[in-house]
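This report concerns only the one structure given below.
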Amino acid sequence: MRSITRLNLQYAHRFLNYEGEAQYLHGHSGTLTIEVEGDVDARTGFVYPCNSIKNIAWSYLKNFDHALILQQEDPLLQPLLDVYVQQGIRDGAPTNTTIGLPIDTELAKAYPECRLVVVKKVATCENLIEIFYDLLKDKFNIKKMTFASADNCASMEF
């Protein structure tokens, strides 16, 4: 049996070394579906309460919501940070209230104070699933993740 929950993310990114529209900065609405497998708890009736899955996952994934996702070698990264320093928002602004738990892994580093995530690989649906799974694999018995962004979608079973 599986408990399934969905989280919605709004983000912007671009693909380095890509020929086509995705080489430009652009935004997406994405939906991450997490399937957690286990036995149904006779007391609660759930494998894992969906609200709990959502709350735990969101504590990390909100770093990606309304954020810019750039590859670590993107030449836009340093100028962007410089502009944020000039504007006095590099270390956060009072209006930035969506700050997730720290992320600093082999795959990604979040800068929640400036709505930025730096990734090692291009931010495709496939690679984002890898990042999301890496962040959450120790929290739940995840059996499948699906990430849909615009007309693009990827799914992985674990």
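Computed over heavy atoms, backbone and side chain alike; hydrogens, waters and symmetry mates excluded.
- Remark: D41 CG to M1 CE distance equals 12.5 Å, nearest 0.5 Å.
- With a 4.5 Å cut-off between side-chain heavy atoms of Ile, Leu, Val, Met, Phe, Trp and Tyr, the cluster of L16 takes in none.
- In the hydrophobic clustering of ILVMFWY residues, with side-chain heavy atoms under 4.5 Å counting as a link, V122 and L77 come out apart.
- No path of Ile, Leu, Val, Met, Phe, Trp and Tyr side chains, each step under 4.5 Å between heavy atoms, connects F140 with I4, placing them in separate hydrophobic clusters.
- Considering CG of L25 and CZ of R14, their distance stands at 6.0 Å, rounded to 0.5 Å.
- Closest approach of K121 to N127, counting heavy atoms only: CB-ND2, 3.5 Å.
- Among pairs with a residue in residues 99-110, those fulfilling side chain to side chain donor-acceptor pair (under 3.5 Å) read D104-K109, at least two apart in sequence or across chains.
- For Y18, the ring pair (Phe, Tyr, Trp, His ring centres under 6.0 Å) test picks out F15, with sequence neighbours left out.
- Screening residues 78-88 for side chain to side chain donor-acceptor pair (under 3.5 Å), with sequence neighbours left out, gives Q78-D82.
- Counting heavy atoms from C-beta outward, I103 and V117 have side chains that stay 4.5 Å or more apart.
- Using a 4.5 Å heavy-atom cutoff, the side chains of R90 and L81 are in contact.
- Here the closest non-hydrogen pair linking K54 and T5 is CE-OG1, 3.5 Å.
- Summarising the geometry of V47 relative to S3, their closest heavy-atom pair is CB-OG, 3.3 Å, with the distance given to 0.1 Å.
- Of the inter-residue distances, the one linking K143 atom NZ with R2 atom CZ reads 7.5 Å to the nearest 0.5 angstrom.
- Both L68 and L76 belong to a single network of hydrophobic side chains, linked directly or stepwise wherever heavy atoms of I, L, V, M, F, W or Y lie under 4.5 Å apart.
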| side-chain contact (heavy atoms from CB on, under 4.5 Å) between F132 and L9, worked out | CA-CA 12 Å; F132 299 154; L9 302 167; 3.8 Å; yes
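- Closest of all the heavy-atom pairs between L70 and D74 is CD2-OD2, 3.5 Å.
- The side-chain heavy atoms of K120 and I131, taken from C-beta on, include no pair separated by under 4.5 Å.
- Hydrophobic clustering keeps L107 apart from Y111 (ILVMFWY residues linked when any side-chain heavy atoms are closer than 4.5 Å, directly or through intermediates).
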Counting only pairs under 3.5 Å, give me each side-chain donor-acceptor contact of residues 145-152, with atom names and distances, residues two or more places apart or in other chains.
unit_1: T146; atom_1: OG1; unit_2: S155; atom_2: OG; d: 3.1
unit_1: S149; atom_1: OG; unit_2: Y11; atom_2: OH; d: 2.6
unit_1: S149; atom_1: OG; unit_2: H28; atom_2: ND1; d: 3.2

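- Between E35 atom CD and N141 atom CG the span is 11.5 Å, to the nearest 0.5 Å.
- Counting non-hydrogen atoms of neighbouring residues, nucleotides and ligands closer than 6.0 angstrom, the CG atom of N8 exceeds 12 such neighbours.
- Atom CD1 of residue I34 and atom CZ of residue R6 lie 11.0 Å apart, to the nearest 0.5 angstrom.
- I129 and M156 make their closest contact through CG2-CB, 4.1 Å (heavy atoms, listed as atom of the first residue, atom of the second, distance).
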For residues 55-67, please give each side-chain donor-acceptor pair under 3.5 Å, one per line with the distance, not counting sequence neighbours.
unit_1: N55; atom_1: ND2; unit_2: N51; atom_2: O; d: 3.2
unit_1: S59; atom_1: OG; unit_2: I56; atom_2: O; d: 2.5
unit_1: Y60; atom_1: OH; unit_2: K139; atom_2: NZ; d: 3.4
unit_1: N63; atom_1: OD1; unit_2: G100; atom_2: N; d: 3.3
unit_1: N63; atom_1: ND2; unit_2: Y60; atom_2: O; d: 2.9
unit_1: N63; atom_1: ND2; unit_2: L101; atom_2: O; d: 2.8
unit_1: D65; atom_1: OD1; unit_2: Q10; atom_2: N; d: 2.8

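- Across all their heavy atoms, S52 and Y48 have their closest contact at CB-CE2, 3.7 Å.
- For the atom pair CG (L116) and CD1 (I69), the distance works out to 9.5 Å, reported to the nearest 0.5 Å.
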